[in-house]
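In this chain, residues are counted from 1 in sequence order. All ligand and atom numbering here is 1-based and tracks the order in the structure.
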Amino acid sequence: MALPRSSEPSPELSPEDFRRLGHRAIDLIAERLAAVREDPVRRPVDDAQRTRWASEPAPAAGREADAVLERVATELFPHPMGNAHPRFFAWVNSPPAPLGVLADLLASALDPSVAGGDHAATYVEHAVLGWLKTITGYPRDSGAVLTSGGSVATLVGLAVMRHVKSGGTDRAAGMRQVSSPAGTAPLVVYTSTQGHSCIQKAVELIGLGTDHLRRIPTDADFRMDLDALRRQIADDRARGLSPACVVASAGTVNTGAIDPLDAIADLCAAEGLWLHVDGAYGAVARLTDDTNTLFRGLERADSLGLDAHKWLYMPVECGCALVRDPRAMRDTFSVVPPYLRDDTAWPWFSEFTIQQTRGFKALKLWMVIQQIGLDGYRASIARDVALARALQARIRARDDFELVAAGPLSITCFRYVPPNAGAGADANIDALNRGLLDTVQREGRAFLTQTELHGRPVLRACIVNFRTTEADLDILLDTIADAGYRFSGLSRSVE
Ligand SMILES: *Cc1c(COP(=O)(O)O)cnc(C)c1O
């Protein structure tokens, strides 16, 4: 078989070409950074463009790298998700720290697999895992790995829970032993009605099934109701089931509610239940003085998940799973075939999680935490919380908005309720808020999403954004009121 001639397309770039393309790419990013405040948050994608992107056939022949890069510049960059913008208030998505963007470039240039082994990236990940323990106040000697995000962190935590609760028998015996060591009673997991969807996915994936996931009601502040939890555990025991684990939230995605962690930890200790804390959004807010005490008890969790691509402003993806007992974590995942036997005394990360080959996610954390320091994070997170308070004060002060939930962190749930809406008009107001949201999202001056509380839709603004200012809050509310006014006029004229 003939080797390809050197003139045939190959991935290789000369150092000169790499430099030219690299300058173009960096210029593109810098221009976007300079224009981010003036650009629309999002631009609508039209149907033809959607189809062109999604159905493009794979090219048989290659083309110049410059031309490919230009496609990114002209086709893709005009259609960002929008999270870099100061007026992006949707879900829990932060802007990427610009130094983190460069870190991802450098990380892929180094391109190690951080499965483990004796090279720089391994020790950089150990460093940042230690820093994340400092930030959250979690024990220094716990086991930890970076993950793709909070969902996999939850799955890792619950997999260790299953291993421990099955008395270590689950790995060999599989589902036959996913029950109490006594042998027959299925394990039951508890979370609140506000718990994230990833908890259900994890319970399904570890084989317990949603029939064994209990959704505990919440109090007026959307925190897990401890008495209801206690009653449900007793009930399940009486029915011969085996209560195994509480998944508490340290910052729910709907309102930012933080479950009473210390009291839940007491209950788990008394009842012999595993405590997993989902801190994907909120756990890093433990850094700030204003919200610090809300997290009391988090350090007692058997396992903890958090997301650095939320309130630590990392580019997607970067999460972290922490498990108090590192031996249990290793026992859950470790399979070391002969070709992986070790070149160092340090255990490999791949023994503590699902992935074997692992990217160098740690570099962005290592660089940005050095850049702004824990004090910088403390100030920035506190500022986001203060902005949420300022938004809530504005909503209270206006006669065309209604505050529905002011969470303890940086999420605000509210409704547009024009003064002439009239009494008993809930259905109209719900339709109005749904309709205006669509208009706001299309027009791109601000971007937010909705959720449902007490069975009714609400607008929801989350601030995990170092670019947002008070002026942006005024623009947000004016934009919503303007769209609401037009939408209600429109629906009146249609009737
Ligand atoms: C985002 C989030 C998750 C899921 O994390 P991913 O990074 O999206 O996988 C879980 N719980 C809460 C509270 C979250 O905010």
Side-chain angles (χ1 to χ4, degrees), residues 81 83 88-96 100 132 136 144-159 189-205 213 215-216 218 221-224 245-259 261 264 275-286 291 294-295 298 301 303-322 353-355 359 361 364-365 381 384-385 388 405 407-413 448-453 460-465:
M81 170 163 150
N83 44 314
F88 185 89
F89 297 95
W91 306 297
V92 191
N93 293 105
S94 65
L132 292 174
T136 54
V145 289
L146 294 182
T147 62
S148 58
S151 302
V152 169
T154 301
L155 180 58
V156 167
L158 292 199
V189 176
Y190 304 81
T191 193
S192 86
T193 53
Q194 299 292 308
H196 192 272
S197 54
C198 75
I199 299 163
Q200 177 180 338
K201 288 190 188 179
V203 165
E204 290 169 3
L205 280 168
L213 174 63
R215 292 282 190 172
I216 305 299
T218 57
D221 294 324
F222 302 99
R223 297 152 22 112
M224 194 188 292
C245 172
V246 177
V247 181
S249 302
T252 62
V253 76
N254 271 345
T255 66
I258 301 168
D259 289 333
L261 302 176
I264 293 175
L275 173 60
H276 177 85
V277 172
D278 176 9
Y281 157 47
V284 300
R286 190 171 211 199
T291 51
L294 299 170
F295 296 96
L298 175 142
S303 53
L304 168 68
L306 64 92
D307 257 341
H309 60 218
K310 288 178 174 166
W311 229 343
L312 294 181
Y313 316 118
M314 287 302 113
V316 169
E317 301 163 346
C318 192
C320 181
L322 301 110
T353 186
I354 299 154
Q355 279 182 278
K361 295 183 205 302
K364 48 194 168 192
L365 273 167
I381 292 170
D384 287 341
V385 174
L409 299 176
S410 64
I411 294 174
T412 306
C413 295
L448 79 171
T449 46
Q450 56 124 45
T451 187
E452 215 173 87
L453 295 177
R460 174 186 168 286
C462 174
I463 305 175
V464 285
N465 194 326

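Of all the heavy atoms in Val464 and Ser94, the pair that sits closest is O-CB, 3.1 Å. Closest heavy-atom contact between Ala250 and Leu298: CB-CD1, 4.1 Å.
No donor-acceptor pair closer than 3.5 Å links the side chain of Asp278 to the backbone N or O of Ser249.
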In sequence, state the C-alpha distance, the side-chain angles, and the governing distance for Leu365 and Leu146, and then conclude on side-chain contact (heavy atoms from CB on, under 4.5 Å). CA-CA 10 Å; Leu365 273 167; Leu146 294 182; 4.1 Å; yes

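Close N/O approach between Ser148 and ligand 1 is not found [any backbone or side-chain N/O within under 3.5 Å]. The distance criterion of under 3.5 Å between nitrogen or oxygen atoms is not met by Gly149 with respect to ligand 1. Geometrically, ligand 1 and Asp307 share a nitrogen or oxygen pair separated by less than 3.5 Å.
The shortest contact between atom 10 (C) of ligand 1 and any protein heavy atom is with His196 CG, 3.2 Å. Taking atom 14 (C) of ligand 1 as the reference point, the nearest protein heavy-atom neighbour is Lys310 NZ, 2.8 Å. The protein heavy-atom contact nearest to atom 6 (P) of ligand 1 is Gly150 N, 3.4 Å. Atom 11 (N) of ligand 1 has as its closest protein heavy atom Asp278 OD2, 2.6 Å.
The shell of residues lying under 4.0 angstrom from ligand 1, judged by heavy atoms, includes Gly251.
Of all the atoms in ligand 1, the ones that sit under 4.0 Å from a non-hydrogen atom of Ala280 are 2 (C), 3 (C), 10 (C), 11 (N), 12 (C), 14 (C). If you number the atoms of ligand 1 from 1 as listed, the ones under 4.0 Å from a heavy atom of Ser151 come out as 4 (C), 5 (O), 6 (P), 9 (O). Applying the 4.0 Å criterion to heavy atoms of His309 picks out, from ligand 1, the atoms 7 (O).
With contacts defined as side-chain heavy-atom distances shorter than 4.5 Å, the pair Phe295/Val277 does not qualify. Under the 4.5 Å side-chain criterion, counting only non-hydrogen atoms from C-beta, Asp259 is not in contact with Val246. Considering only heavy atoms from C-beta on, Arg460 comes within 4.5 Å of Val253 through its side chain.
Results of the side chain to side chain donor-acceptor pair (under 3.5 Å) test with Asn254 over Glu452, Gln194, His196 single out Gln194 as the only residue that passes.
Of the heavy atoms in Cys198, only side-chain atoms (C-beta onward) come closer than 4.0 Å to ligand 1.
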